[in-house]
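Heads up, the thing below is written out as structure tokens.
Indexing begins at 1, ligand by ligand and atom by atom, following the structure's order. Here the structure is a predicted model, which is why all the values come from computation and not from measurement.
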Amino acid sequence: MRVILAQPRGFCAGVVRAIEIVDRALQKHGAPVYVRHEIVHNRHVVENLRNKGARFVEELDEVPEGAVAIFSAHGVAKTVERAADDRNLEVLDATCPLVTKVHVQGRQYVAQGRTLILIGHAGHPEVEGTIGQIPGTVLLVQSEEEVAKLDLPLDAPLAYVTQTTLSVDDTRGIIDALLARFTDIVGPDTRDICYATQNRQAAVRELSTQVDVLLVVGATNSSNSNRLREIGSESGVASYLVADGSEVKAEWFDGAKTVGLTAGASAPEEMVENVIDALRALGPVEVSTMTGIEEKVEFKLPSKLLQPLVVREV
Ligand code: 0CJ
Ligand code: F3S
């Protein structure tokens, strides 16, 4: 069997930064440090940090007064920031800077007197965070059908922003439907979808033309990973989302000569290797990597974590 690895795949700059924030917080403050929500949507990443002394909670009332609390890469609502203040928590914010950019942009549109529409998936923590970062009502739109149902005057001053990990194609369809229906609406095209999501989707679309089966390494609650699997399916390729090699099933590969393998932005490269090992257990495997973009994006750490850990006396 030939295995072709997608390029790019796996960790994005926001995930690398978020994990580094937890690691450095543990070095600086010692265990335990508290992380609100999974730092990124991957249980291998979470387990690894838990073993080093991180404690994962869903809400801040589970964090003792005055402790260190880290917000996940997906961002949080203002109410969460206020709750952290009320409990005197030492906050380290691992919100991806590209999510924060959407928060800022949304607030700017509202300050211009526009009603804000957020294109995204209900219940996702990034969507809850973005809605909660913007004053007033934010209207969530999940599909083109929902655009038709928006109860707004056709000439109302509107603006839209998007979740960062959506399908580029679906989002373009929703934006086109908004632009076709409303006469005074502004927004950033599909550019709010982050570079990592766009690059991984483009790579998988190309890879899907060359393979019989597509495997996406990622978690079932990872939005960006799910979108990669969907692109494979939409291209007519049998496509599966797996957390690691233990979930790979022999019957998926009956008659398959070429398998495409990619990973969501929150999936560690070790799990890609783990999946390759599982494929090797089924028979001989030849691994290559498609040609693709080399990403060079890096995000700065919060300044609180850049201070030297040990101050030497002079
Ligand atoms: O929302 C984000 C800032 C992406 C974080 C990295 O991916 P993941 O899987 O934790 O999150 P999504 O469910 O948003 O893709
Ligand atoms: Fe940020 Fe995109 Fe990664 S929003 S955390 S760079 S998937």
Side-chain angles (χ1 to χ4, degrees), residues 6 8-22 35-49 54 56 58 70-77 80 93-106 118-133 140 142 161-168 170-171 188 190-204 216-231 241-244 262-269 271-272 293 295-302:
R9 65 177 180 281
F11 279 6
C12 61
V15 165
V16 170
R17 174 178 181 270
I19 296 171
E20 177 97 24
I21 286 173
V22 183
V35 184
R36 184 188 178 276
H37 192 67
E38 290 187 324
I39 185 75
V40 299
H41 289 146
N42 191 279
R43 76 180 145 81
H44 295 284
V45 171
V46 167
E47 271 312 307
N48 189 7
L49 293 170
F56 290 85
E58 276 314 306
I70 300 168
F71 297 156
S72 79
H74 317 96
V76 298
V80 175
D93 189 357
T95 304
C96 177
L98 298 181
V99 174
T100 305
K101 194 175 133 198
V102 174
H103 297 169
V104 171
Q105 196 172 34
L118 171 62
I119 304 171
H121 296 294
H124 189 281
E126 180 184 335
V127 164
E128 285 174 358
T130 299
I131 291 174
Q133 280 287 338
L140 181 65
Q142 305 190 70
V161 290
T162 85
Q163 192 179 340
T164 56
T165 54
L166 300 179
S167 149
V168 176
D170 293 354
T171 306
T190 51
R191 284 184 308 260
D192 275 353
I193 297 177
C194 75
Y195 82 95
T197 298
Q198 301 211 27
N199 290 346
R200 279 153 194 67
Q201 288 181 12
V204 158
V216 179
V217 185
T220 50
N221 62 341
S222 166
S223 166
N224 78 86
S225 306
N226 278 292
R227 304 294 81 80
L228 297 176
R229 195 205 60 75
E230 281 168 10
I231 289 173
L241 183 66
V242 292
D244 54 41
T262 189
S266 46
E269 186 64 14
M271 293 308 128
V272 173
I293 298 172
E295 293 171 339
K296 300 218 165 67
V297 180
E298 275 181 39
F299 294 131
K300 266 197 246 150
L301 289 167

Task: Contacts of type salt bridge (Lys or Arg N to Asp or Glu O under 4.0 Å), residue E38, not counting sequence neighbours - done: none
TODO: Without swapping roles, check the side chain of E20 against the backbone of L301 for a donor-acceptor pair under 3.5 Å.
DONE: no
- [ ] Could you label the plane-to-plane angle of the H74 and H41 rings as parallel, tilted or perpendicular, counting under 30° as parallel and over 60° as perpendicular?
- [x] parallel
List of N/O pairs, ligand 1 versus protein, all under 3.5 Å?
unit_1, atom_1, unit_2, atom_2, d
ligand 1, 1 (O), E126, OE1, 2.9
ligand 1, 7 (O), N224, ND2, 3.1
ligand 1, 9 (O), S222, OG, 2.6
ligand 1, 9 (O), N224, ND2, 3.2
ligand 1, 9 (O), S266, OG, 2.7
ligand 1, 10 (O), H41, N, 2.6
ligand 1, 10 (O), H74, NE2, 2.9
ligand 1, 11 (O), H41, ND1, 3.3
ligand 1, 11 (O), H74, NE2, 3.3
ligand 1, 13 (O), H41, ND1, 2.8
ligand 1, 13 (O), H124, NE2, 2.8
ligand 1, 13 (O), S223, N, 2.6
ligand 1, 14 (O), H124, NE2, 3.1
ligand 1, 15 (O), S223, N, 3.2
ligand 1, 15 (O), N224, N, 2.8
ligand 1, 15 (O), N224, ND2, 2.7

- [ ] Name all pairs fulfilling the salt bridge (Lys or Arg N to Asp or Glu O under 4.0 Å) condition that reach into residues 118-127, sequence neighbours left out, sorted by first residue then second.
- [x] none
Open item on the list: Please give me the protein atoms (N, O or S only) lying under 2.8 Å from atom 1 (Fe) of ligand 2, ordered by chain and number.
Closed with: C96 SG
TODO: Say whether, by atom type as modelled, one donor and one acceptor occur between the side chain of N42 and the main chain of G218 under 3.5 angstrom.
DONE: no
Task: Backbone of P8 reached by a side-chain donor or acceptor of R200 within 3.5 Å - done: no
Task: Donor-acceptor pair, side chain of R227 and main chain of S222, under 3.5 angstrom - done: no
- [ ] Report yes or no: does Q198 contribute a side-chain atom to a donor-acceptor pair with the main-chain N or O of T190 at less than 3.5 Å?
- [x] yes
- [ ] Keeping the roles fixed (side chain from E269, backbone from F11), state whether a donor-acceptor pair exists under 3.5 Å.
- [x] no
